[in-house]
Amino acid sequence: MTVNWKKSALVACDLVIAAYLLLAITAFNRPDVKATHCSEVKIDIEESEVEGFLNVDEIKRILSQDHLYPLSQPMQAISPRKIEESLHKSPFVEKAECHKTQSGHVCIRIQQRLPVVRVMADNGENYYVDSHGNMMPETRYVTDLIIATGHISRKYAQGILTQVAKIVLQDNFWKNQVVQINVLPNGSMEIVPRVGDHIIYLGLPNQVEKKLERMRKFYLYGLNKAGWNKYSYISVEFNNQIICKKRNSSKS
């Protein structure tokens, strides 16, 4: 009997390739060995244009205080639900999500409540208001926010003041220029700017965008030529006109 060595070699090669593929598929599809302890904690705090109060160290502090910080803890003993519940107790957390991986990582994602204005009312109340108009407690953390002073009730702060602050923060020019909003007893508003030794009078808080745009153009085409400190008081209360009071108290 004549042996076909060429055919036999091809069959042998096919068998070797088949065996390799079988081993490769088995290796790649085999589940990862589960880690027994947490080797890494990944904390992701959602970024925003407005600076919040939370950072990674604060999240660690909150969880450590409740004995829930998972690093080096047995994976089986780590409860994502308890971690989420602990974080939700913070007045600065809007939403918290947590999950574990088979590789021994615990992933935490935070969406924080974002303050838009700090209220220091003449009735002695001191608090923050977030972008939804909800009140936030005074905190030891410092953030570069607009300060609102004067005759401010909580209802006014949560409604009108929040909306005006959001308008300011959405405009890059005014976001950097407005330092303080002062509310007068009749509900009208004054603005204290960062640059320029003057007060801007908005009047009642209606058509705020148009008033601020009119003032911005006055900065550009008026004060840039006359000097930013020429006037002590600038009113944009009325449409189509800007009323200025000179620093020497004479009428403009």
Side-chain angles (χ1 to χ4, degrees), residues 44-55 58 87-88 90-96 109-196 198-220 234-239 242:
D44 179 20
I45 301 175
E46 188 174 293
E47 294 183 358
S48 173
E49 293 181 358
V50 181
E51 183 182 357
F53 297 115
L54 296 176
N55 54 40
E58 176 63 8
L87 293 173
H88 278 133
S90 168
F92 308 117
V93 172
E94 179 82 19
K95 187 177 181 181
R109 183 173 178 80
I110 301 292
Q111 180 180 337
Q112 57 182 325
R113 293 175 62 188
L114 298 173
V116 294
V117 63
R118 180 176 184 178
V119 176
M120 301 177 70
D122 56 10
N123 61 7
E125 291 190 318
N126 191 340
Y127 54 88
Y128 295 87
V129 181
D130 72 9
S131 56
H132 301 296
N134 299 316
M135 296 178 61
M136 303 171 68
E138 184 183 3
T139 174
R140 67 180 183 275
Y141 301 104
V142 177
T143 185
D144 187 18
L145 279 181
I146 299 169
I147 304 294
T149 57
H151 192 77
I152 305 173
S153 67
R154 294 194 175 194
K155 182 179 180 180
Y156 187 96
Q158 292 176 294
I160 295 173
L161 184 59
T162 298
Q163 295 306 314
V164 172
K166 287 169 68 175
I167 290 171
V168 170
L169 292 174
Q170 288 166 4
D171 185 295
N172 285 332
F173 175 82
W174 289 110
K175 178 182 177 181
N176 293 310
Q177 175 67 342
V178 176
V179 174
Q180 180 181 342
I181 296 175
N182 187 52
V183 181
L184 303 178
N186 66 351
S188 61
M189 289 183 173
E190 297 173 329
I191 287 177
V192 179
R194 188 181 306 276
V195 179
H198 55 262
I199 301 296
I200 302 168
Y201 181 64
L202 288 182
L204 294 176
N206 51 40
Q207 299 184 317
V208 174
E209 296 98 328
K210 292 183 179 179
K211 292 176 180 179
L212 290 178
E213 179 59 18
R214 194 157 67 247
M215 186 64 206
R216 188 188 69 82
K217 289 180 178 178
F218 184 63
Y219 275 143
L220 184 62
I234 303 172
S235 172
V236 291
E237 177 184 12
F238 303 110
N239 290 332
I242 296 176

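Because the structure is predicted, anything quoted here is derived from the model rather than measured.
- Inter-residue side-chain proximity for Val183 and Thr149 is flagged as unmet; no heavy-atom pair is nearer than 4.5 Å.
- The shortest distance between side-chain heavy atoms of Val168 and Leu212 falls below 4.5 Å.
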_I'd like to know whether Arg154 forms a side chain to side chain contact (heavy atoms under 4.5 Å, CB included) with Tyr127, so could you lay out the CA-CA distance, the side-chain angles of the two residues, the decisive distance to 0.1 Å, and finally the verdict._
CA-CA 10 Å; Arg154 294 194 175 194; Tyr127 54 88; 3.9 Å; yes
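- At a threshold of 4.5 Å between non-hydrogen side-chain atoms, the residues Tyr128 and Pro91 do not count as touching.
- Looking at heavy atoms from C-beta onward, Met189 lies in side-chain contact with Ile160 at the 4.5 angstrom threshold.
- The backbone N or O of Ile242 sits nowhere less than 3.5 Å from a side-chain atom of Arg214 that would complete a donor-acceptor pair.
- Counting heavy atoms from C-beta on, the side chains of Glu125 and Val119 never come closer than 4.5 Å.
- Every salt bridge (Lys or Arg N to Asp or Glu O under 4.0 Å) that Lys95 has, sequence neighbours left out, goes to Glu97.
- Pairing each heavy atom of Gly187 with each of Leu204, the nearest pair is C-CD2, 4.1 Å.
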*Show the numbers, then the answer: is there a side chain to side chain contact (heavy atoms under 4.5 Å, CB included) between Leu87 and Ile110?*
CA-CA 9 Å; Leu87 293 173; Ile110 301 292; 3.5 Å; yes
_Leu202 and Val236: CA distance, side-chain angles, deciding distance, side chain to side chain contact (heavy atoms under 4.5 Å, CB included) verdict_ = CA-CA 6 Å; Leu202 288 182; Val236 291; 3.8 Å; yes
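- Put simply, the side chain of Phe92 does not reach to within 4.5 Å of the side chain of Gln112, judged on heavy atoms.
- Remark: Glu213 engages Arg216 in a salt bridge, criterion side-chain N to carboxylate O under 4.0 Å.
- Residues in residues 172-194 take part in these ring-ring contact (aromatic ring centres under 6.0 Å, His included) pairs, two or more places apart or across chains: Phe173-Tyr219, Trp174-Tyr219.
- Under the side-chain contact (heavy atoms from CB on, under 4.5 Å) criterion, His132 pairs with Glu94, Asp130, Asn134, not counting sequence neighbours.
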